[in-house]
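The structure appears right after this line, and notes come after that.
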Amino acid sequence: QDATDFLSEDTKQFYVEHGLPYVRTYLLYGSPGNGKTSCIKTLASELKLNLYSLNMASSKLDDNGLVDMVHSVLKRSIVAMEDVDRIFNNFTHNETASSVSFSTMINLLDGILSKDGVIFVLTCNHKDQLDAALRRCGRIHREFEFKDASPKVAEDLFLSYYPQATEAAKKFAKKIKDRPNVPVASLQEFFLKNRKRTATEAAGNQLDESMFESRRKLDLVTM
């Protein structure tokens, strides 16, 4: 809804009339495996936007290269910068192979070096590791938290695989209530592994604890 409003002609005209950089930035944060990347893809698809993913850790990327890339994107585009807390660790120091500076990153988000009409979407696992200068009001416009699966999420997801199996879904949701810190991606993997079982069988099947633990460790390494 926010992105739709930003892309409207009325909003664009407002930015132009008041001399404001016509860019919008979102921060998606939370533990791995809960849909941050999927949300970016869905947003681009829903609004029919071009989607660019910048590998900020590339050894071939420097300040000039980053600016050139952003300038080359088409109008009505999303530019995704993922895992920014791992790029500028210890707040402003770039710990990756790239030589992109924190100041250039800030200038891009401010719209000084950016193309009009671009939506930046940043993701991170640990919001508290981001420098306050990056997160200040007017630089990141909206923040959205992606949490581990709640019993309600587990119940809704169960019903998406087994429609009308209300009682089985409630039984399954209770298991999630008794076992916190389950990534949504692990639940999806559970349903894929149990796809040939009935709703009753799936709801009664024991959750594979090792699957959840190994999945989370894998996500932490790869995301």
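The environment of CD in Glu46 is sparse: at most 12 heavy-atom neighbours from other residues, nucleotides or ligands sit within 6.0 Å. Within a 6.0 Å sphere centred on NZ of Lys170, heavy atoms belonging to other residues, nucleotides or ligands number 12 at most.
Nearest heavy atoms, Ile106 versus Ala133: CD1-O, 3.9 Å. Across all non-hydrogen atoms, the minimal contact from Met105 to Val84 is CE-CG1, 3.9 Å. In terms of heavy-atom proximity, Pro183 sits nearest to Pro32 at CB-O, 3.8 Å. Between Ala173 and Ala154, the closest heavy-atom pair is CA-CB, 4.3 Å. For Gly111 against Pro21, the heavy-atom pair with the smallest separation is CA-CB, 3.8 Å. Across Ala44 and Leu51, no two heavy atoms sit closer than the pair CB-CB, 4.0 Å.
Tyr161 and Leu159 are not part of a single hydrophobic cluster, where members link through side-chain heavy atoms under 4.5 Å apart. There is a path of hydrophobic side-chain contacts, each under 4.5 Å, that joins Leu20 to Tyr22. Neither Leu43 nor Leu54 shares a network with the other; the hydrophobic side chains, linked directly or stepwise wherever heavy atoms of I, L, V, M, F, W or Y lie under 4.5 Å apart, form separate groups for each. Each of Val16 and Ile119 belongs to its own hydrophobic cluster when Ile, Leu, Val, Met, Phe, Trp and Tyr are linked at side-chain heavy-atom distances under 4.5 angstrom. Taken together through direct or relayed side-chain contacts under 4.5 Å among Ile, Leu, Val, Met, Phe, Trp and Tyr, Phe158 and Val182 form part of one hydrophobic cluster.
Partner Met81 forms a side-chain contact (heavy atoms from CB on, under 4.5 Å) with one of Thr123, Leu108, Asn55 and no other, that one being Leu108.
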Please evaluate residues Leu47 and Leu7 with respect to the criterion side-chain contact (heavy atoms from CB on, under 4.5 Å), reporting the C-alpha separation (whole Å), side-chain torsions for both, the decisive distance (0.1 Å), and the verdict. CA-CA 9 Å; Leu47 298 179; Leu7 294 168; 4.2 Å; yes
One pair to check against side-chain contact (heavy atoms from CB on, under 4.5 Å): Val153 and Ile176. What are the steps and the verdict? CA-CA 9 Å; Val153 168; Ile176 302 303; over 6 Å; no
Under the side-chain contact (heavy atoms from CB on, under 4.5 Å) rule, what do Phe120 and Ile78 come out as? Steps first, then yes or no, please. CA-CA 6 Å; Phe120 290 101; Ile78 290 176; over 6 Å; no
So Arg135 and Glu143, salt bridge (Lys or Arg N to Asp or Glu O under 4.0 Å) or not? Walk me through it. CA-CA 9 Å; Arg135 291 184 51 212; Glu143 297 183 356; 3.1 Å; yes
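A donor-acceptor contact under 3.5 angstrom links the side chains of Asn94 and Thr96, judged on distance only. A side-chain donor from one of Thr11 and Ser8 sits under 3.5 Å from a side-chain acceptor of the other. Between the side chains of Asp148 and Asn34, at least one donor N or O sits under 3.5 Å from an acceptor N or O. Ser160 and Asp156 share no donor-acceptor pair across their side chains, judged by distance under 3.5 Å alone. A donor and an acceptor atom, one from each side chain of Ser103 and Ser101, are located under 3.5 Å apart. A side-chain donor from one of Ser77 and Asn50 sits under 3.5 Å from a side-chain acceptor of the other.
We find that Lys127 and Asp85 are not joined by a salt bridge, their nearest charged nitrogen and carboxylate oxygen being 4.0 Å or further apart. The pair Arg24-Asp2 meets the salt-bridge criterion, with a side-chain N (NZ, NE, NH1 or NH2) lying under 4.0 Å from an Asp/Glu carboxylate O. Ion pairing of Arg136 with Asp131 is absent here, as no side-chain N (NZ or NE/NH1/NH2) approaches a carboxylate O to less than 4.0 Å.
Between Phe102 and Leu134, some side-chain heavy-atom pair lies under the 4.5 Å cut-off. Looking only at side-chain heavy atoms (C-beta outward), Ser72 and Tyr52 stay at 4.5 Å or farther from each other. The shortest side-chain heavy-atom distance between Leu130 and Leu27 falls under the 4.5 Å cut-off. Gln13 places a side-chain heavy atom less than 4.5 Å from the side chain of Glu17. In this structure, the side chains of Thr25 and Arg139 stay at 4.5 Å or more apart for every pair of heavy atoms. Looking at Asn107 and Val67, their side chains never come closer than 4.5 Å, going by heavy atoms from C-beta outward. Looking only at side-chain heavy atoms (C-beta outward), Phe88 and His93 stay at 4.5 Å or farther from each other. Taking 4.5 Å as the limit, some side-chain heavy atom of Val118 sits within range of a side-chain heavy atom of Val73.
Ring to ring, Phe172 and Phe190 are close: their centroids are under 6.0 angstrom apart.
If you take CD1 on Ile40 and OG on Ser53, they are separated by 7.5 Å, rounding to the nearest 0.5 Å. The CD atom of Glu145 sits 4.0 Å away from atom OH of Tyr29, with the distance rounded to the nearest 0.5 Å. Of the inter-residue distances, the one linking Lys175 atom NZ with Leu187 atom CG reads 12.0 Å to the nearest 0.5 angstrom. Annotation: the span from Leu109 atom CG to Leu122 atom CG amounts to 5.5 Å, rounded to 0.5 Å. Here the straight-line distance linking atom CG of Leu74 with atom CG of Leu49 works out to 11.0 Å at 0.5 Å rounding. One distance of note links NZ of Lys115 with CE of Met69; it measures 14.5 Å at 0.5 Å rounding.
Between the side chain of Thr42 and the backbone N or O of Ser38, at least one donor-acceptor pair lies under 3.5 Å. Looking only at distances, no side-chain donor or acceptor of Lys12 sits under 3.5 Å from a matching main-chain atom of Phe6. When atom types are taken as modelled, the side chain of Asn194 and the backbone of Arg197 share no donor-acceptor pair closer than 3.5 angstrom. Arg86 contributes no side-chain N or O that, together with a main-chain N or O of Ala57, makes up a donor-acceptor pair within less than 3.5 Å. A donor-acceptor pair is defined here as one N or O able to donate and one able to accept, closer than 3.5 Å; such a pair exists between the side chain of Lys36 and the backbone of Ser31. Judged purely by atom type and a 3.5 angstrom limit, Tyr15 has no side-chain atom pairing as donor or acceptor with the backbone of Asp10.
Aromatic ring orientation, Tyr26 versus Phe144: perpendicular (interplanar angle above 60°, classes split at 30° and 60°).
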